[in-house]
Amino acid sequence: MSSKTDKIDEFAFIEALAKHVAEAPEALGLNDDGAALWFGDGRKLVVVADMLQAGVHTLSNASPDQVICKALRTNLSDIAAMGAAPAFFLCTLALPKKPEAAQIQQIVSALDKEQKHFGVSLIGGDTIGGKGPFTVSITVLGWAAGPLLRRSGAKIGDDVWVSGHIGDGWLGLQVAQQKITSLSSAHEKSVLRRYEYPEPRLKLGVALAGIAHSAIDVSDGLLGDAVHIAKASGCALTIRPALVPLSAATQNWLRDENDPETSRVSLLTGGDDYELLFTAPTEKADKITGLSAALGINLCRIGKVCAGEGVLLENEAGQRHTAPKTGFTHF
Ligand SMILES: [Mg+2]
């Protein structure tokens, strides 16, 4: 029996909500990147919500417009993970008591630029004068392009794929916090950009509807997010760390590290990647390779779905072991 002082983590809290509160089928058991509403004409509306706070998800000195851009982009990444195209969004802000006019102008400009860039329209929200750090909560609504991409669809024998490069967001945070100072200025710039302005894989998410069996966006760390697919699908994901795609910046950094294997695990568990991790049957491999060329997005096969549970790491010799840690949790 739990006592008043017992602590629970973020995922136990979500499980409790799913069990006792979010019972509507549209909630999808709180097991996916968003909820889904089915309309009589066959259309499916995907709804996602995500909140960011300066100093938690960005640097504490990040400007409100930077925090808002990242918040919108992380929400769009969830929309992509569900195989939907974004249409509308609501934006709720907790601003300092008396914001400066220049600050408001920056927020308005940033929202306008971002909504045009991503083809979404602001339709509402709320604003309060807050006492804590600048906080933004965004809800995005988007139309599913085909069958919903869900975490629960992985099948034994599927290939595990990931888009883009993993670890740049984590490395960007280390650079921003001046914990890592050994990168060239060009590489510093590229990883900082990845940390501050993640690029949601919207075109890829839509294209994978009907091809991938399961998907999730990588927000809390590749291995931790792989655990979510494994758990929701009732199977295990075997991942070969050596096959996980790394950018030139992360490869260079890794090359100079004293303990490259431990450092590689940091890249795989750091989070802030906003790439898509998905599984698909092997017969779709050619189609996925074709998508990679058509969309100009790096897509790599990094493992397999197999019987069991959780995430296993596999070395070059085929030996498997449990991941030492998997990813970030918010509390
Ligand atoms: Mg997500």
Side-chain angles (χ1 to χ4, degrees), residues 9-11 13-15 17-18 22 26-36 44-53 56-58 67 69-86 89-90 118 120 136-142 144-145 148-154 160-164 166-170 173 194-195 197-206 208-209 212-233 237 268-279 297 311 326-331:
D9 71 8
E10 178 192 4
F11 300 118
F13 178 48
I14 293 170
E15 260 178 43
L17 286 175
E26 289 83 355
L28 306 178
L30 302 185
N31 224 355
D32 278 283
D33 286 289
K44 294 183 283 289
L45 187 68
V46 172
V47 185
V48 305
D50 213 358
M51 181 161 65
L52 263 68
Q53 188 169 67
V56 177
H57 305 89
T58 66
V67 184
C69 287
K70 187 162 182 181
L72 181 58
R73 287 162 179 247
T74 59
N75 272 277
L76 293 173
S77 181
D78 280 331
I79 283 276
M82 300 284 291
F89 73 106
L90 296 97
F118 292 112
V120 283
V136 52
S137 172
I138 287 182
T139 299
V140 178
L141 299 95
L148 283 182
L149 289 179
R150 300 196 52 189
R151 299 176 181 178
S152 55
V160 179
W161 294 78
V162 74
S163 66
I166 293 297
D168 286 23
W170 177 83
L173 175 61
R194 285 288 309 273
Y195 174 68
Y197 295 93
E199 200 59 47
R201 297 298 191 186
L202 289 167
K203 286 182 183 158
L204 178 62
V206 164
L208 287 174
H213 277 161
S214 68
I216 189 170
D217 72 318
V218 183
S219 55
D220 296 338
L222 176 74
L223 300 184
D225 289 316
V227 169
H228 292 313
I229 288 187
K231 199 173 174 191
S233 300
L237 267 62
L268 270 51
T269 55
D272 267 317
D273 295 297
Y274 300 102
E275 296 294 348
L276 293 186
L277 174 70
F278 59 97
T279 76
I297 298 172
V311 171
T326 52
F328 178 79
T329 54
H330 294 270
F331 52 85

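Order of listing sets the numbers, starting from 1, for every ligand and every atom in it.
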ask   = Taking atom types as modelled, is there a side-chain donor on Thr279 or Ser214 under 3.5 Å from an acceptor on the other?
value = yes
query = At distances under 2.8 Å, what protein N, O or S atoms surround the Mg ion (ligand 1)?
reply = Asp33 OD1, Asp78 OD1, Asp217 OD1
message = Is the terminal nitrogen or CZ of Lys70 (NZ for Lys, CZ for Arg) located under 6.0 angstrom from the six-membered ring centre of Tyr195 and within 45° of that ring's axis?
response = yes
query = Checking side chain to side chain contact (heavy atoms under 4.5 Å, CB included) against Ile79, which of Val206, Val140, Leu141 comes through?
reply = Val140
request  = Mind checking the CG-CD1 spacing from Asn31 to Ile229? Nearest 0.5 Å is all I need.
outcome  = 11.0 Å
task = Test side-chain contact (heavy atoms from CB on, under 4.5 Å) on Leu76 and Val120 and set out the steps.
result = CA-CA 10 Å; Leu76 293 173; Val120 283; 4.1 Å; yes
Approximate separation, where rounding is to 0.5 Å, of Asp50 CG and Ser77 OG = 9.0 Å
